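The structure appears right after this line, and notes come after that.
So you know, we letter chains A, B, ... as the sequences are listed, proteins then strands, and number each from 1. Worth knowing before you read on, the calculation uses all heavy atoms, side chains too, and leaves out hydrogens, waters and symmetry mates. All figures in this text were calculated on a predicted structure; none of them were measured in a lab.
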2 protein chains.
Amino acid sequence: MMTTIGDVARHAGVSRSTVSYALSGKRAISDETRDRIGQAIAELGFTPNAGARALKTAQTMVLGLLLQFHADEFAPAMLQYVLPVSEAARDHGYDILMVTDPHGPEAIRRIANSDMVDGIVLLDVTHADPRLPAIAEVKKPAALIGLPGGAAGVDVFDLDFGEAARMLVDHLQERGHRELVLVSPPYHVVERGGSYVWRFREGAVERAARYGIQIHPYYGESRQPAITTSVNALLDAHPKATALIVHNDATIAALPSILRDRGVRVPDDLSVVSLYSRDFGEEFSLPFTAVESAAGELGRRAVAQLVRRITKSPDAGPSLVRFVPPVLTDRGSTR
Amino acid sequence: MMTTIGDVARHAGVSRSTVSYALSGKRAISDETRDRIGQAIAELGFTPNAGARALKTAQTMVLGLLLQFHADEFAPAMLQYVLPVSEAARDHGYDILMVTDPHGPEAIRRIANSDMVDGIVLLDVTHADPRLPAIAEVKKPAALIGLPGGAAGVDVFDLDFGEAARMLVDHLQERGHRELVLVSPPYHVVERGGSYVWRFREGAVERAARYGIQIHPYYGESRQPAITTSVNALLDAHPKATALIVHNDATIAALPSILRDRGVRVPDDLSVVSLYSRDFGEEFSLPFTAVESAAGELGRRAVAQLVRRITKSPDAGPSLVRFVPPVLTDRGSTR
DNA sequence: CTGAAAGCGCTTACAG
DNA sequence: CTGAAAGCGCTTACAG
C-alpha cells in the first residue's frame, strides 16, 4: 500500500541505495540516473518513512515541547510562547511533539526514553521544577524557558525580570513619582517557585529604595471578581501613590475597566506601567507603557540553541544561561 | 548507549521475543520468567524504541493536530480547543504532533506520507478549506472541528451555530425585546469561508423575522481601536435597539469597557447575549448570558472518533457529521 | 558512478 | 511455555 524506497528503486531500475543517495545528495549521481529516480518518485508519490529513517539515523527531527496549565491561572499568555517555538522549530526542520500531560516528569521520561524526540523545550520553568531531575536523567539536549534555582545542566533562557523592574522604576523616578504600588502575580505562583515573581519584585523594591521612593508591593489575583476587589483595596489603602506597576497578566487585562469604574484617568490621575508581550497587549487592547515580555525571542533563541546542541557533538560547550534584556515601550501611560 | 530489548533479554537470560511478549501480554509467560524480565527492565531502565515499534506495527500512536493562526485575528480562544484535544489524545494513549505551519496542505502531506501520525485533527475548518484535498489524498483517518462546505469524507464536529443563534433570539423574544443588533465576526472571516459566521447570522435573522423582531446584523472588528469605534457607531445608529447579540470574541472581550464609557448599564439600559466558552468567559471576566462554544466537548469527541477510525477496521461506517447542541447559560445580562 | 549487504530495534508468525 | 528467524523501511560502510 505505502510506497517504499524499494518501489522507487524498482521503478527507476536502480538499487535502493542509489535512491537513498539521490535523496540525501551524499554522493554523486549521474544526471540520467537522478532524472529517472526523480520521475519514479513523482509518479509513485514517495515520501521516506520517518520511523525507519529515525531508526537508522537515530534522529527523529522532532522536538518535545512541554507545557503545563495550572488551574486558577491566566492562560492566554501561554500562546505567545508556543507559537514562536513551533515556528522556529519548523524553520530548523523540526516538528513539535506537544505534551500537556500534568505529570511532567513521567511525560519527559516517556518521550525521551522511547526516543520520540531529539531534544526538549520546557516552558514556564520554576525554581525547583520537578521536571528538571527527569531532564537530567534522560540525557537528551534540552532548553528551558524560565530560570531554575540551581544549575540545570542545560541551556536556560529567560527575560531579565530584575532589570525589567529597574527600568520601570527608573521610568517613574525620572517623571518625579515618589510613591508606588506594585502588583505581583498571585502568591501561589511564588509557592510554586515562579522566580520571575521575586526577581521582578526585588528589582523594583531595591531600585525604589535607592531613590528613596516609597513602594508598596502586593501579590495580586488571577481571577475576577477578586482582581477588582484587590486592586480597589490597595488603591484605597495608598491614596497618595501616583503610579502603579503591574506585573500580573490577569490584573493588567482587567485594569482599564477597574480604573474607569473608579473614575481614575491614566495618566492624569494615575500613572501605570506594566510587563507584557506586544501581542498580548494588542489582544487585550492595553494602552500602557510596558516592558516587552519577549516571548517570541525567548522561544526562538531556545530552539536555535537546542538545535545546536542536537546537531553539534554531544558536548558543545558548557550550558548557557541567557537573560534577554528588557525593552521598554512608552505608550504614554505615565506623566 | 541506549538499552534495547536485546539487552533486557540477555540480562534476563531469555529470548528477545519472550521479552516482547512479556511487555505486550500477547501470550502466556511463566511467573518466574516474567519476574526475571521485570527485574531486568527495572535495572536497565528499558523503554521500547518508538520508531522501531512504529516501523514494525505501522502504528505511531501519534495524532497530528493542525492549527492555523491568522494575522489580524483574536487568538486567545484557540487554546480552548488545543488543550482538550491534547488531553483526550493522551487519555487514549496518543501523543500530539502539533503543526502550526501556515502551509497547511503541504504540512499534511509531509506528516501523513512520512507516516509520522496515525490520524489527523484539523482545527478551524472553513467552507472551502484548502487542507481538505490534502486530507482526502493522504488516506489517513481525520477528524475536523468546523464545518466544511461539501462532503469531506471524514468525520466532522461542530457546534450547531444556527441553533445557538435561535436560542439566543428566543431568549430575548421571551423577554419582550423587539429590536436587536447583531455583531458577527469580521467580514474577512466570511471571505475565508468561516461558515459559523453565516450559520449563526442566518439563524438569528430568520428567527427574528419569524417573531417580527427587527434585527440589524453587522460584521464586527477584531482589533482595537476599531472595535470600540464600530460598537459605538452601531449603537448610535440604532438607539431604539434594546438588546445586543455578540458573536465575536474580540468584541465581547472589549464590550464591558465600551459600555461603561458610554454610561450604558447591563441589563438595565441594554441586554447583552453572546457565544463563548466557559473558560474564555472566566479569563475575560465576562458576565454575559451566553451559549457555550463547547470547545472542550468538540475536541474530546473529535479525538474519540478519530481513535475509533484508527483502531477499527479501515471503513468503520460512513463519515459522520455531528453538531453539538448549544447550551445556554443565563448570567443575568438580559432583562 | 553504482550495487549488494548489513543492521537500526522492534513484533510476530512459525516451530517445538 | 519459549526460541530462532524473518522483516518493517530506511541508511551507510564496503566493494567494485
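At distances below 3.5 Å, at least one donor-acceptor pair connects side-chain atoms of Thr57(A) with backbone N or O atoms of Arg53(A). Distance alone, capped at 3.5 Å, places no donor-acceptor pair between the Ser86(A) side chain and the Val82(A) backbone.
Scanning both residues, Leu66(A) and Gly104(A), for their nearest heavy atoms gives CD2-O, 4.0 Å. Counting all heavy atoms, side chain and backbone alike, Phe157(A) lies closest to Ala143(A) at CE1-CB, 4.5 Å. Taking both residues in full, the closest heavy atoms of Val117(B) and Leu63(B) are given as CG1-C, 3.9 Å, listed atom of the first, atom of the second, then distance.
Side-chain atoms of Ser30(A) and Thr33(A) form a donor-acceptor pair, as typed in the model, at a separation below 3.5 Å. Looking at Arg36(A) and Gln39(A), their side chains never bring a donor and an acceptor atom within 3.5 Å of each other. With 3.5 Å as the limit, one finds no donor-acceptor pair spanning the side chains of Asp155(A) and Ser319(A).
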Starting at the 5' end of nucleotides 5-12 of chain C, put B wherever the base has a protein heavy atom under 4.0 Å, S where only the sugar-phosphate does, and a dash everywhere else. -BBBBBBB
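Put simply, CD1 on Ile37(A) is 11 Å from C1' on dC1(C), counting in whole angstrom units.
In DNA chain D, runs of at least 3 stacked Watson-Crick or G-U pairs (N1-N3 plus N6-O4 or O6-N4, or N1-O2 plus O6-N3, all under 3.5 Å) give these stems: C:1-3 with D:14-16, C:5-12 with D:5-12, C:14-16 with D:1-3.
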